[in-house]
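Everything below concerns the one structure shown next.
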Amino acid sequence: MLKIYNTMSQSIEEFKSLHAGEVNMYVCGPTVYNYFHIGNARVFLVFDTIRKYLEYSGYKVKFAQNVTDIDDKIIKKAASEGVLWSAIAEKYTTAYLEDLAKLNVTPADINPKATEEIPAMLALIQNLMDKGIAYVSKNGVYYDVTKFEGYGKLSHQKMDELVEGARVEVDEEKKNPLDFALWKFSKPGEPSWEAPWGAGRPGWHIECSAMSGKHLGATFDIHGGGADLVFPHHENERAQSEAANGVTFVNYWMHVGYLNIRGEKMSKSKGNFAFIRDILNDYMQDKENTANVIRLFILSAHYRGPLDFSNDNMDSVRNGYREIYYTAQRLAQVKAKPAASFVGRDFIKEFKEAMDEDFNTSKAIACVYDCAAAAKTELGKKNIESFVLLGKTMLEMCAVLKITPVLKTIDAQITELAKQIDLLRKEKQYEKADILKKQAAETGYMLEFTAAGTFAIKELK
RNA sequence: GGCGGUGUAGCCAAGUGGUAAGGCACGGGUCUGCAAAACCCUCAUCCAUCGGUUCGAUUCCGAUCGCCGCCUCCA
């Protein structure tokens with residue numbers, strides 16, 4: 001039975017989908033004004049893994065993730081580079097999709113762009129206007145938070161306390177300091193869309209309400225994002241949607257903890273800003289397996305807790321990943337059939353139990369390691385069929401976590417070298433054998449001569 | 001000030017009312033002609049501190065201290 005921590009109730013709840021066997025989920029996507037960084041990547045990878053696990057558990061998942069392609073930051077960036085805002089949005093939307101693909105993140109079923117969903121937003125704003133919840137001011141259309149009874153319930157803040165702590169400049173045009181823009185009137189030269197109240201662009205929160213409602217329904221199962229979105233973004237989305245539709249917006253709110261770099265929040269001024277694109281390119285020589293190491297690193301801690309990114313921590317994970325990677329390579333070079341059963345632990349069962357407990361990937365990964373170790377023990381005992389069974393079990397778990405090692409085809413040259421070395425060893429011509437071994441090493445392979453056979457292992461670098 | 005998170009071995013990191021998963025590193029060993037970034041084993045009398053509840057707490061409650069974050073359209 002799957003359990004999920006719900007930010008709304010601040011407790012772990014049994015998961016019950018709205019429609020039997022189906023899960024509708026929405027995760028806040030990027031504002032495309034730059035490449036995305038390792039912190040964004042954490043959110044994307046966590047929810048990709050959750051989605052995958054839901055599917056593995058038998059759910060049909062409908063996954064929507066927006067692309068915010070109009071926003072102040074985009075306009076600002078465009079101005080500083082002297083290009084059209086749309087050029088910035090297009091460039092970084094493309095980059096976003098490329099980087100996601102390199103991380104093996106499955107594309108969302110629906111990738112709505114803000115600029116393509118303006119009509120749905122206008123309809124929602126009109127709905128709020130009709131209900132007397134929104135009002136027009138000099139600068140735009142605003143949401144009157146005093147009209148929504150449950151305001152603050154998601155972030156567990158009281159309105160007066162929010163006001164006290166507010167560091168925002170008081171906007172005289174707003175009725176209440178907490179009121180937020182649904183529609184911002186454009187200034188000359190700014191991008192704008194026609195609207196009944198005046199030309200402008202959408203406020204930050206409205207797109208998610210409009211798009212999730214349109215594609216997933218007024219009520220849907222899971223809404224996720226980074227922890228910093230709880231307030232104000234998700235609080236405001238909820239206020240908009242529930243006030244407009246009169247029904248519960250989201251059943252399970254999920255938030256991913258912060259990713260720090262060497263213990264500090266990442267920021268450009270501190271020079272500890274890491275784009276995922278750069279990590280993918282620079283971290284290892286083995287590009288095909290870099291995404292797996294990154295994902296394993298991200299999943300090594302529970303998704304709700306903080307996670308510290310550093311080279312040392314990555315290296316530690318990479319060294320651990322080798323165990324899985326090498327086991328997979330040996331498995332691929334063994335021709336035996338799997339044993340019918342393994343007397344011992346039921347790794348898959350343990351794995352599922354871990355994941356069912358609010359996606360405890362840390363514990364799930366421990367199952368993968370234990371299984372790999374058990375497989376190697378069998379190999380050492382020359383129980384090849386048991387090794388194959390356990391190796392396959394390990395790969396099943398890897399597939400769910402999406403860390404399946406990417407193997408190289410071993411070219412004929414290496415196979416030939418291995419044969420020759422084996423021959424030379426039998427003839428005790430060790431000096432010649434060593435020369436050939438060195439040759440193999442130069443191509444990135446190490447050759448293992450074990451009781452269970454000879455393996456050519458591509459090193460992970 | 002309000003709210004939230006967090007403090008577990010050298011490092012990363014799970015977890016439980018009955019005495020601590022897993023990974024990395026270290027150390028020892030095994031296989032091997034030698035060797036490996038291979039394999040095996042070892043590695044927290046203890047879970048920030050101080051109280052309380054309990055037969056028993058790292059796990060529950062209270063307090064204290066430390067670190068991080070949100071309350072500024074930052075995931």
Side-chain angles (χ1 to χ4, degrees), chain A residues 7 10 27-31 36-44 46-47 68 71-74 152 155-169 178 180-181 184 203-205 224-233 235-236 255-260 263-267 296-297 300-302 304-308 310 312-324 326-327 330 350 354 357 360-370 372-373 376-377 379-381 424-426 428-431 433-434 437 441 446-452 455 457 459-461:
Chain A
T7 305
Q10 297 180 298
V27 175
C28 290
T31 299
F36 70 85
H37 55 66
I38 178 79
N40 300 307
R42 183 181 190 194
V43 173
F44 302 151
V46 162
F47 283 106
T68 302
D71 161 275
D72 290 359
K73 293 192 289 291
I74 294 170
S155 55
H156 306 100
Q157 305 262 3
K158 294 192 178 93
M159 283 216 269
D160 49 345
E161 282 157 359
L162 279 168
V163 176
E164 258 176 49
R167 282 172 278 171
V168 196
E169 279 178 59
L178 294 175
F180 54 91
K184 301 166 96 160
W204 178 31
H205 318 293
D228 57 338
L229 292 183
V230 177
F231 191 90
H233 186 52
E235 191 71 60
N236 291 350
H255 293 97
V256 178
Y258 270 95
L259 184 137
N260 295 316
E264 289 184 312
K265 182 174 176 175
M266 98 178 84
S267 70
L296 193 57
F297 164 72
S300 68
H302 186 83
R304 278 189 282 119
L307 178 62
D308 195 44
S310 70
D312 285 349
N313 291 349
M314 277 287 283
D315 287 352
S316 168
V317 168
R318 187 247 281 131
N319 289 347
Y321 175 72
R322 276 208 272 252
E323 185 175 356
I324 296 165
Y326 292 163
T327 300
R330 290 183 198 108
E350 288 179 30
E357 199 62 40
N360 191 333
T361 50
S362 186
K363 213 173 185 177
I365 288 167
C367 287
V368 177
Y369 279 119
D370 282 350
K376 284 185 299 190
T377 302
L379 182 64
K381 289 183 193 162
L424 289 167
R425 287 174 67 235
K426 275 178 194 144
K428 304 202 178 199
Q429 299 198 51
Y430 298 125
E431 277 180 30
D434 285 345
K437 255 202 284 193
M446 53 186 179
L447 296 172
E448 291 180 357
F449 302 96
T450 75
F455 297 103
I457 303 293
E459 293 182 60
L460 186 71
K461 282 183 178 168

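The model shown is predicted, which means the values in this text are computed figures rather than measured ones.
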Please list each protein N or O that sits under 3.5 Å from an N or O in nucleotides 13-17 of chain B, with the distance.
| from | atom 1 | to | atom 2 | distance (Å) |
| --- | --- | --- | --- | --- |
| A13(B) | O2' | Ser362(A) | OG | 2.8 |
| A14(B) | OP1 | His302(A) | N | 2.7 |
| A14(B) | O3' | Asn360(A) | ND2 | 3.0 |
| G15(B) | OP1 | Asn360(A) | ND2 | 3.1 |

Given A25(B), is OP1 or OP2 found less than 4.0 Å from the side-chain N or O atoms of Asn319(A)? yes

Relative to the ring of His233(A), is the ring of His205(A) parallel (under 30°), tilted (30 to 60°) or perpendicular (over 60°)? tilted

Considering only heavy side-chain atoms of Val43(A), the closest of G22(B), A35(B), A75(B) is A75(B)

Any N/O donor-acceptor pair, Glu459(A) side-chain to A37(B) base, under 3.5 Å: yes

Rounded to the nearest angstrom, tell me the gap between atom NZ in Lys428(A) and atom P in A35(B). 16 Å

Identify whether any heavy atom of Ala373(A) sits under 4.0 Å from a base atom; if not, whether one sits that close to sugar-phosphate; answer base, sugar-phosphate or nothing. sugar-phosphate

Looking only at side-chain atoms of Tyr430(A), point me to the closest of G23(B), C68(B), G33(B). G33(B)

Spacing of the C1' atoms in U54(B) and C60(B) (rounded, Å): 10 Å

Spacing between Lys73(A) atom NZ and U72(B) atom C1', to the nearest angstrom: 12 Å

Whole angstrom is fine here: how far is it from NE2 in His255(A) over to P in A75(B)? 13 Å

Pairing residues for Asp228(A) by the side-chain hydrogen bond (donor to acceptor under 3.5 Å, both in side chains) criterion, not counting sequence neighbours: none

Atom CG of Leu178(A) to atom P of C3(B): distance rounded to whole Å? 16 Å

For Asp228(A) and C70(B), what is the distance between atoms CG and C1' respectively, to the nearest whole Å? 8 Å

Quote, to the nearest angstrom, the C1' distance that separates C43(B) from G10(B). 11 Å

Using 0.5 Å steps for rounding, measure from the OH atom of Tyr321(A) to the CE atom of Met314(A). 12.0 Å

Does Asp312(A) offer a backbone N or O that forms a donor-acceptor pair with the side chain of Ser316(A) under 3.5 Å? no

Under 4.0 angstrom, heavy atoms only, what part of the nucleic acid is Leu259(A) near: base, sugar-phosphate, or nothing? base

Show me the protein contacts with nucleotides 42-44 of chain B, counting only N or O atoms at under 3.5 Å.
none

Is there a donor and acceptor pair, one atom on the side chain of Lys437(A) and one on the base of C34(B), closer than 3.5 Å? yes

For the pair made of CG in Asp315(A) and C1' in A37(B), what is the distance, rounded to whole Å? 13 Å

Which residue, Ile365(A) or Thr377(A), contacts RNA chain B at a nucleotide closer to its 5' end, judged by nearest heavy atom? Ile365(A)

Test item: Glu235(A) side-chain N/O and Gly152(A) main-chain N/O as donor-acceptor pair under 3.5 Å: yes

Just to be sure I understand the rule, does Phe180(A) reach a base, reach only the sugar-phosphate, or reach nothing, if contact means heavy atoms closer than 4.0 Å? nothing

Taking the same atom, C1', in C11(B) and in G18(B), what whole-Å distance lies between them? 30 Å

Nearest-angstrom distance, C1' atom, U16(B) to G51(B): 23 Å

In whole Å, what separates the P atom of U45(B) from that of A36(B)? 32 Å

Across every strand shown, the nucleotide meeting Watson-Crick or G-U wobble geometry with U6(B) (both distances under 3.5 Å) is G66(B)

What's the closest nucleotide to the side chain of Arg330(A) if the choices are A38(B), C40(B), G69(B)? A38(B)

Nearest-angstrom distance, P atom, C68(B) to G28(B): 39 Å

In whole angstrom, give me the gap between the C1' atoms of U6(B) and A13(B). 13 Å

Integer angstrom distance from the P of G23(B) to that of C41(B): 10 Å

Ignoring backbone atoms, test whether Gln157(A) places a side-chain nitrogen or oxygen under 4.0 Å from the OP1 or OP2 oxygen of C70(B). no

Once you round it to whole Å, what is the distance between P of C12(B) and CZ of Arg318(A)? 18 Å

Can you tell which of C40(B), G22(B), G4(B) lies closest to the side chain of Gln10(A)? G4(B)

First encountered from the 5' end of RNA chain B, between Arg425(A) and Lys461(A): Arg425(A)

I need the CD-P distance between Glu235(A) and G4(B), as an integer number of Å. 13 Å

